[in-house]
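Structure first, commentary second.
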Amino acid sequence: MKKILITMTLWTSILAFFGCNSNNNTSKSNTENGKVEMMNPNDILMSISTIESTLPGTNEQPKDSLDLEILEDDWRQFEFINTKYKNSIDKEIDSINMIIENESVDLGENMTAFKNLHVRKLIPNPLDEGIAIEDLKNAFSSFQTGSLSFDQYGRVINGIYFDISGFHLYGLTNNSKVTALGFYGLSSWENLETFKNEMKAFMDKYNVVLVNWRSMMVIDSNGIDDYLKPNE
């Protein structure tokens with residue numbers, strides 16, 4: 001039977017699917033011709049091995065040029081976490097590794113899908129009590145802020161976007177503190193050395209590591225140089 005690969009808005013689709021079908025062996029699915037047919041959950045494959053258990057709320061405020069727009073599935077996939085949660089990080093990585101080892105499906109052409117995925121729940125407050133936005137701003141010489149939006153659901157309530165020397169970070173705020181901080185990407189390598197030096201100092205000062213959940217990588221300040229370098 002043909003497998004169905006879920007690749008977009010996985011967070012919403014997967015939680016809705018499993019939440020509504022915990023006691024059933026089949027699920028309804030809309031086909032291209034508009035009809036509804038029954039579908040075996042065993043025929044569904046996921047494109048990623050892990051997602052965070054909760055998403056922040058959104059509103060219908062219009063997006064603007066200062067917004068960073070991400071997919072819901074990218075939420076907290078590559079994030080800063082206080083080192084006090086080391087044991088929880090290790091446990092989450094062990095669970096993700098179990099999915100990769102036991103639930104992977106080779107699709108060919110260097111593509112892998114998963115019959116299941118791990119929903120991370122152990123670290124609801126990755127930055128512990130949070131970092132003051134003003135302190136974060138003072139840690140970097142180039143610092144611009146904007147808003148955060150999800151691709152299909154609008155602007156994130158209390159979401160924030162940081163452009164730091166061309167590198168893009170995003171997160172949540174509460175009472176002028178950043179309570180979650182993710183790393184998204186970059187628009188230029190031009191200020192790489194400045195960014196790396198300031199980032200290493202920031203990570204040491206606030207006792208955080210960078211965790212790439214999809215790759216199961218934990219990067220401390222000493223590993224920034226090796227991780228952040230242009231492709232040769």
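For this chain, numbers begin at 1 and follow the sequence in order.
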_Separation of Arg76 CZ from Leu181 CG (nearest 0.5 Å)_ = 11.0 Å

*asked:* Could you check whether any side-chain heavy atom of Val208 comes within less than 4.5 Å of a side-chain heavy atom of Ile81, counting everything from C-beta outward?
replied: no

*Are the ring centres of His168 and Phe162 closer than 6.0 Å?*
no

_Suppose we screen for side-chain contact (heavy atoms from CB on, under 4.5 Å). Which residues come up paired with Lys200, at least two apart in sequence or across chains?_
Asn197, Ser221, Ile224, Asp225

*Before accepting this row, confirm whether a basic side-chain N of the pair Glu52/Arg120 lies closer than 4.0 Å to the acidic partner's carboxylate O.*
yes

*Evaluate the side-chain proximity of Tyr170 to Ile70: yes if any heavy-atom separation is below 4.5 Å, no if none is.*
yes

*Nearest 0.5 Å, what's the OG1-CD distance between Thr58 and Glu72?*
8.5 Å

_Under a 3.5 Å distance rule, please check whether Ser187 uses its side chain to pair with a backbone N or O of Gly166 as donor and acceptor._
yes

*Under 3.5 Å, is there a donor-acceptor pair between the side chain of Asn212 and the main chain of Ser215?*
yes

*So, for Phe167 and Tyr161, is the gap between ring centers shorter than 6.0 Å?*
no

_Neighbour count above 12 (heavy atom, 6.0 Å) for Asn102 CG_ = yes

*Would one find more than 12 heavy atoms of other residues, nucleotides or ligands at under 6.0 Å from atom CD of Glu60?*
no

*So, the side chain of Glu198 versus the backbone of Ser141: is there a donor-acceptor pair under 3.5 Å, distance only?*
yes

_Test item: Ile93 and Met98 side chains (from C-beta on) under 4.5 Å apart, heavy atoms_ = no

*Considering only NZ, NE, NH1 and NH2 on the basic side and carboxylate oxygens on the acidic side, decide whether Arg214 and Asp74 come within less than 4.0 Å.*
yes

*Without swapping roles, check the side chain of Asn59 against the backbone of Gln61 for a donor-acceptor pair under 3.5 Å.*
yes

*Could you tell me how the ring of Phe140 sits relative to the ring of Phe195: parallel (under 30°), tilted (30 to 60°) or perpendicular (over 60°)?*
parallel

_To the closest 0.5 Å, what do you measure between CD1 (Ile48) and CZ (Phe114)?_
9.0 Å

*asked:* Please check: side-chain N/O of Asn191 versus main-chain N/O of Thr194, any donor-acceptor pairing under 3.5 Å?
replied: no

*Sub-3.5 Å donor-acceptor pair from the side chain of Gln77 to the main-chain atoms of Phe183, do we have one?*
no

*Atom pair CG (Asn116) and OG (Ser104), whose distance is rounded to the nearest 0.5 Å*: 11.0 Å

*In Å, rounded to the nearest 0.5 Å, how long is the span from OG1 of Thr173 to CD1 of Ile160?*
5.5 Å

*Could you grab the distance from atom CD of Glu92 to atom CG of Asn87, nearest 0.5 Å is fine?*
12.0 Å

